[in-house]
2 protein chains.
Amino acid sequence: MDTSTVKLNSGEVVNCIKVISDPTRLLMMKLVEKKEYCVCQFVDMFDISQPATSQHLRKLREAGLVKENRRGQWRFYSMNESSPQASIVKGILSQIDEEDQQYLQLLEKEALVDCQ
Amino acid sequence: MDTSTVKLNSGEVVNCIKVISDPTRLLMMKLVEKKEYCVCQFVDMFDISQPATSQHLRKLREAGLVKENRRGQWRFYSMNESSPQASIVKGILSQIDEEDQQYLQLLEKEALVDCQ
DNA sequence: TTTGAATATATGAATTGACTTATATAAAAG
DNA sequence: CTTTTATATAAGTCAATTCATATATTCAAA
């Protein structure tokens with residue numbers, strides 16, 4: 001499917017950008033764009049509780065922006081490339097400086113986390 | 001200035017998309033992308049009060065997304081093409097279907113409004 | 001088949017957001 | 001100068017959002 005040609009109605013666009021107009025969820029999307037992460041990694045990387053992490057992921061999941069992959073007792077999240085909103089999300093993520101301090105700090109913390 | 005190369009930090013991106021993740025303000029941006037509008041036109045086109053209209057425009061203005069042009073007792077708003085967020089906003093607006101019902105309805109109402 | 005680890009859901013408090021009514025400002029017209 | 005028109009700001013209300021604490025579910029290991 002060629003997502004680059006998909007047009008959304010204005011309500012769908014609002015719903016999509018509302019979900020990622022939160023510092024935690026925007027950075028979660030920036031991360032899952034590159035690779036999949038399990039919930040426990042997010043809990044360690046972001047300074048919020050496990051329930052808060054889970055609730056952010058639920059919003060991203062219910063909006064169709066991420067897909068869930070269960071392996072054992074872990075749940076891995078990655079970008080849902082086949083959603084109609086994928087191209088708008090990627091367009092927004094592409095505007096974030098790769099040297100953004102908060103993003104870099106998350107990657108540093110990720111290096112210290114060993115999932116599984 | 002070549003806005004296409006401007007990168008923002010994640011906080012700036014959040015602030016920008018938070019402002020336009022509202023149905024009224026997203027459509028206002030979709031309109032001012034093409035031409036300038038005065039406040040009284042927005043009041044007639046959107047089904048909200050004059051203060052509500054003014055408050056939406058203030059948010060867009062304070063975020064730097066629109067610029068204000070005063071002529072006589074009217075204030076005209078148009079997209080601020082030279083803001084660092086202009087490219088991200090345009091990227092989002094480009095994902096909205098030109099045949100979006102709400103957008104088309106606004107254009108129909110605009111035809112009936114005579115400002116000045 | 002109990003225990004533990006990972007994750008989700010429920011609930012309530014604090015914060016933020018959008019709207020309305022009322023009032024203020026500012027420019028033009030009389 | 002006073003009135004009118006366009007717009008902005010202030011204050012209050014109601015709804016939505018985010019987080020924490022507490023509890024439930026799910027899966028694997030013992």
Side-chain angles (χ1 to χ4, degrees), chain A residues 10-11 14-29 31-32 36-78 102 109-110 112-116, chain B residues 10-11 14-29 31-32 36-78 102 110 113-116:
Chain A
S10 57
V14 166
N15 290 339
C16 175
I17 64 181
K18 196 186 288 255
V19 169
I20 58 173
S21 66
D22 169 272
T24 301
R25 292 194 294 269
L26 182 70
L27 287 166
M28 282 176 164
M29 290 309 299
L31 291 168
V32 298
E36 65 177 13
Y37 285 84
C38 90
V39 181
C40 64
Q41 289 177 294
F42 284 136
V43 171
D44 287 333
M45 291 162 70
F46 292 89
D47 277 334
I48 51 177
S49 66
Q50 176 270 317
T53 305
S54 184
Q55 284 158 18
H56 282 302
L57 289 168
R58 174 164 55 170
K59 290 208 171 187
L60 294 173
R61 184 170 15 95
E62 287 179 346
L65 306 187
V66 297
K67 58 187 179 197
E68 189 190 78
N69 222 314
R70 302 190 184 190
R71 289 201 298 279
Q73 46 194 330
W74 294 278
R75 299 193 189 187
F76 292 86
Y77 286 92
S78 55
Q102 298 200 261
K109 283 194 186 174
E110 181 193 342
L112 305 173
V113 176
D114 192 18
C115 176
Q116 296 181 48
Chain B
S10 56
V14 166
N15 290 340
C16 174
I17 63 182
K18 199 185 288 257
V19 169
I20 57 173
S21 65
D22 170 272
T24 301
R25 291 193 295 271
L26 182 72
L27 287 166
M28 282 177 164
M29 290 308 300
L31 291 168
V32 298
E36 66 177 14
Y37 286 84
C38 91
V39 181
C40 65
Q41 289 177 294
F42 284 136
V43 171
D44 286 334
M45 293 162 69
F46 292 90
D47 276 333
I48 52 177
S49 66
Q50 176 269 318
T53 305
S54 184
Q55 283 158 21
H56 282 302
L57 289 167
R58 175 164 53 170
K59 289 207 173 190
L60 294 173
R61 181 168 19 92
E62 288 179 345
L65 306 187
V66 297
K67 58 188 181 199
E68 188 190 79
N69 223 314
R70 302 189 185 192
R71 289 202 297 278
Q73 47 193 333
W74 294 278
R75 299 195 189 185
F76 293 85
Y77 285 94
S78 55
Q102 298 200 262
E110 180 193 343
V113 177
D114 193 18
C115 176
Q116 294 182 53

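Given the structure is predicted, the values throughout are model-derived calculations rather than measurements. Numbers restart at 1 for each chain; the letters A, B, ... are given by sequence-line order, proteins then strands.
- The CG-C1' distance, from B:Asp22 to D:dA16, rounds to 13 Å in whole Å.
- A donor-acceptor contact under 3.5 angstrom links the side-chain atoms of B:Gln50 to the base of D:dA8.
- OP1 or OP2 of C:dA8 has not a single side-chain nitrogen or oxygen of A:Arg58 nearer than 4.0 Å.
- With DNA chain D read from its 5' end, the first of the two nearest nucleotides for B:Pro51 and A:Pro51 is the one closest to B:Pro51.
- Between the NZ atom of B:Lys59 and the P atom of C:dT16 there is a distance of 11 Å, given to the nearest Å.
- If you measure from atom CD of A:Gln73 to atom P of D:dA24, you get 20 Å, rounded to the nearest angstrom.
- Between C:dA8 and A:Tyr77, a contact under 4.0 Å exists linking OP1 or OP2 to a side-chain N or O.
- As rounded to whole Å, 16 Å separates atom C1' of C:dA18 from atom CG of B:Leu27.
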Worksheet entry | side-chain contact (heavy atoms from CB on, under 4.5 Å) between B:Leu57 and B:Phe42, intermediate numbers included | CA-CA 10 Å; B:Leu57 289 167; B:Phe42 284 136; 3.8 Å; yes

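- Computed from coordinates, the B:Gln55 CD to C:dT21 P distance equals 12 Å when rounded to whole Å.
- Residue B:Ala52 is classed as a base contact, given a heavy-atom separation below 4.0 Å to a base.
- In this structure, CD1 on B:Ile17 lies 13.5 Å from CG on B:Asp22, to the nearest 0.5 angstrom.
- One atom, CZ of A:Arg70, and another, C1' of D:dA28, lie 15 Å apart when rounded to the nearest Å.
- Each of A:Arg25 and B:Ser54 was assigned the nucleotide of DNA chain D with the nearest heavy atom; the assignment lying further toward the 5' end belongs to B:Ser54.
- From A:Glu36, atom CD reaches atom CG of A:Asn69 across 6.0 Å, with rounding to the nearest 0.5 Å.
- In this structure, A:Arg61 fails the cation-pi test against A:Tyr77, since its NZ or CZ atom is not both closer than 6.0 Å to the six-membered ring centre and inside 45 degrees of the ring normal.
- B:Ser54 places no side-chain N or O within donor-acceptor distance of the main-chain N or O of B:Pro51, the cut-off being under 3.5 Å.
- OP1 or OP2 of C:dT20 lies within a sub-4.0 Å distance of a side-chain N or O belonging to B:Ser49.
- Contact annotation: B:Arg75 reaches the phosphate of D:dA8 (side-chain N/O to OP1 or OP2, under 4.0 Å).
- Phosphate contact (OP1/OP2 of C:dC19, side-chain N/O of B:His56, threshold under 4.0 Å): present.
- The nearest whole Å value for the distance from the CD1 atom in A:Ile48 to the C1' atom in C:dT15 is 16 Å.
- Summarising the geometry, the separation between CG on A:Asp44 and P on C:dA6 is reported as 10 Å, rounded to the nearest angstrom.
- No engagement by B:Gln41 is indicated, since no non-hydrogen atom pair under 4.0 Å with the nucleic acid exists.
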